[in-house]
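Everything below concerns the one structure shown next.
Order of appearance sets the numbers: ligands from 1, and atoms from 1 within every ligand. Owing to the predicted nature of the structure, the values given are computational and were not obtained by experimental measurement.
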Amino acid sequence: MKLAIDGGTPLRTEPFPSGKDIGEEELALVTEVIESRQLCLYGGEKVPQFEAQFAQHYGVKHCTASTSGTSALHVAVGGINPNPCDEFITAPITDMGTIIAILGQNCIPVFADIDPDTYNVSPASIEERITDRTVGIIPVHLFGNPCDMDAIMEIAGKHDLYVIEDTSQAYGTMHKGRRCGTIGHIGAFSLQQSKHITTGDGGLTITDDDELGKRIHLFANKGWPNYSARGARDYPLFGFCYRMTELTAAVGLAQLRKLDRITAAHNWAGDLLTERLQGIPGLTPPITQPDGLHTYWLFPLRMDEEKFGMSNERFAEAVRAEGAPCSAGYIGYPIFMYEALRRKQVYGDTLFPFDSQEYGSDHEVPYQPGYCPEAEKALDEMACLWVNQHFTEKDVQDMAEIVHKIAENA
Ligand SMILES: Cc1ncc(COP(=O)(O)O)c(C=O)c1O
């Protein structure tokens, strides 16, 4: 069969399911907020309810709602209260939000290379990159695929490090029967439009540690403990103003009720598609660690151009021509190769904190090609499909047939 990209007939003309489940439930709760005329969390009900219900859903004691996934990570770092120039080891394939949270506290992002099977940070590479300045690890459960948390927690325990799980893309993801986001000291989630559940923008930070929970809450509210806006004013901590509004929390409460259904649907469709794409020479479907549960925020495929017979870019074009969504590469390069990091110019025309006396001349982070070679290679060879909570078996089958058709003609 001639490929659609070469003038053949597209395998599918009906669009694949897309979009979010946002409707009546969200509208009803938002209407309640509007009618209450109380839009800020001071004196409001929805933000405290959303925090309490999300904490309960994840079986932890504390949750702080904030304005984005980036702020959810920043309050986690702020709650730890590191010294300037302390290092956090994180993933080279992630969103800039992970890095902003580190640099925002004048700390140094250090990058560990990935496990080429899962694209998640490799515990061996994390251990190699620990220095006397390391205070924490921020593993990212990329695309909804669990990191090897047992090994990461073992390393953290050995070196006395904090672990903040970046769970932005990984609602419902499990590692050996435990929910990702609850295995490290802190878990941070994004509610941005593309995520499993969304409030447009927003973030959630969870922890079971009372002291961290208290500091994270303060850090998200200018360091001000006075949520009722009454009594004497005091600021025991430095912090930012990252408060979620009542309107956002109203949407979040309605979305939370749908969370398990949405992640179960992603897991079902993604696992089925993985199964149907086995055995194609030169093409690797997602690989999940034994006892891991993947919730497929995206569905990455990797192609060995020589064995598969096509580059990832041409493959992505060919998939789109057949009628399915697909993009080549995900973020293009490892995150440290983007201009803002490569130049190390964060504040004005200085190179602070990288060249500061505090950091010292015996530390250096080489944000250049070659720093994380497995991550570079994976991004060069990757193309991402996606599944949606409304995929039927026919949708999965059509998507699999598109990939098989391309593979046969590659
Ligand atoms: C892995 C990861 N970390 C952090 C973020 C930052 O989240 P937000 O865009 O909500 O600030 C995102 C979202 O794109 C993400 O995917």
Side-chain angles (χ1 to χ4, degrees), residues 20 50 54 63-78 88-105 107 109 111-112 114 118-121 136-147 149 152 163-173 175 180-181 184 186-206 216 219-220 240-245 248-249 251-252 255 259 263 266 286 294-300 327 329-336 338 340-341 372 375 378-379 382 384 386:
K20 299 283 164 189
F50 187 31
F54 195 78
C63 174
T64 295
S66 61
T67 52
S68 67
T70 304
S71 63
L73 286 155
H74 190 188
V75 299
V77 174
F88 282 83
I89 301 178
T90 190
I93 308 182
T94 187
D95 178 82
M96 194 53 91
T98 320
I99 315 310
I100 291 168
I102 302 170
L103 281 169
Q105 285 309 100
C107 290
F111 294 90
I114 60 156
T118 62
Y119 318 123
N120 281 327
V121 268
I137 307 170
I138 310 186
V140 178
H141 303 290
L142 193 69
F143 305 137
N145 198 4
C147 293
M149 287 308 296
I152 291 172
V163 175
I164 301 169
E165 291 177 77
D166 184 341
T167 340
S168 298
Q169 304 179 1
Y171 288 90
T173 298
H175 168 78
C180 291
I186 305 173
F189 298 78
S190 165
L191 289 160
Q192 184 267 337
Q193 179 76 32
S194 67
K195 301 306 190 294
H196 290 93
I197 55 168
T198 182
T199 58
D201 271 311
L204 295 159
T205 310
I206 58 172
I216 288 168
F219 195 86
F240 284 72
C241 185
Y242 283 147
R243 293 188 299 261
M244 181 177 275
T245 72
T248 305
V251 176
Q255 287 279 290
L259 177 59
T263 55
H266 273 252
H294 196 322
T295 54
Y296 302 95
W297 175 67
L298 287 180
F299 188 97
S327 60
Y330 181 50
I331 60 165
Y333 318 105
I335 199 91
F336 55 82
Y338 282 85
L341 289 178
C372 293
L379 289 168
M382 189 186 287
C384 290
W386 43 257

- request: Please assess F299 against F143 for the test ring-ring contact (aromatic ring centres under 6.0 Å, His included), listing each intermediate value before the final yes or no.
  value: CA-CA 7 Å; F299 188 97; F143 305 137; 9.8 Å; no

task: Please indicate whether Y333 has more than 12 foreign heavy atoms, meaning atoms of other residues, nucleotides or ligands, lying under 6.0 Å from its OH.
output: no

- line: If we number the atoms of ligand 1 from 1 as shown, the ones under 4.0 Å from a heavy atom of V140 are 1 (C)

- prompt: E165 side chain to C180 main-chain N or O, any donor-acceptor pair under 3.5 Å?
  reply: no

- prompt: Can you list the ligand 1 atoms lying under 4.0 Å from a non-hydrogen atom of T98?
  reply: 3 (N), 4 (C)

- prompt: Among protein heavy atoms, which sits nearest to atom 16 (O) of ligand 1, and what does the distance come to when rounded to 0.1 Å?
  reply: Q169 NE2, 2.8 Å

- prompt: With no hydrogens and no angle check, do the side chains of T205 and T64 hold a donor and an acceptor under 3.5 Å apart?
  reply: no

field: Under-4.0 Å heavy-atom contact with ligand 1, by part of L73 that carries it
entry: side chain

Shortest protein contact, atom 14 (O) of ligand 1 (heavy atom only): K195 NZ, 2.9 Å

query: Looking only at distance, does G69 have an N or O less than 3.5 Å from an N or O of ligand 1?
result: yes

query: Which bit of T70 is near ligand 1, meaning a heavy atom under 4.0 Å away: side chain, backbone, both or neither?
result: both

H196 to Y296 - nearest heavy-atom pair and separation: NE2-C, 4.3 Å

query: In ligand 1, which numbered atoms sit nearer than 4.0 Å to a non-hydrogen atom of S190?
result: 7 (O), 8 (P), 10 (O)

task: Identify the two heavy atoms, one from R243 and one from T67, that lie closest to each other, and give their separation to 0.1 Å.
output: O-CG2, 3.5 Å

query: Among protein heavy atoms, which lies nearest atom 5 (C) of ligand 1, and at what distance?
result: D95 OD2, 3.4 Å

query: Quick one: nearest non-hydrogen protein atom to atom 3 (N) of ligand 1, plus distance?
result: D166 OD2, 2.7 Å

query: Ring centroid separation for F189 and F54, is it under 6.0 angstrom?
result: yes

Shortest non-hydrogen contact from S66 toward S71: OG-OG, 2.9 Å

message: How far is atom 4 (C) of ligand 1 from the closest protein heavy atom, and which atom is that?
response: S168 OG, 3.4 Å

message: I'd like the name of whichever of Q192, M96, H141 reaches closest to atom 9 (O) of ligand 1 through any heavy atom.
response: Q192

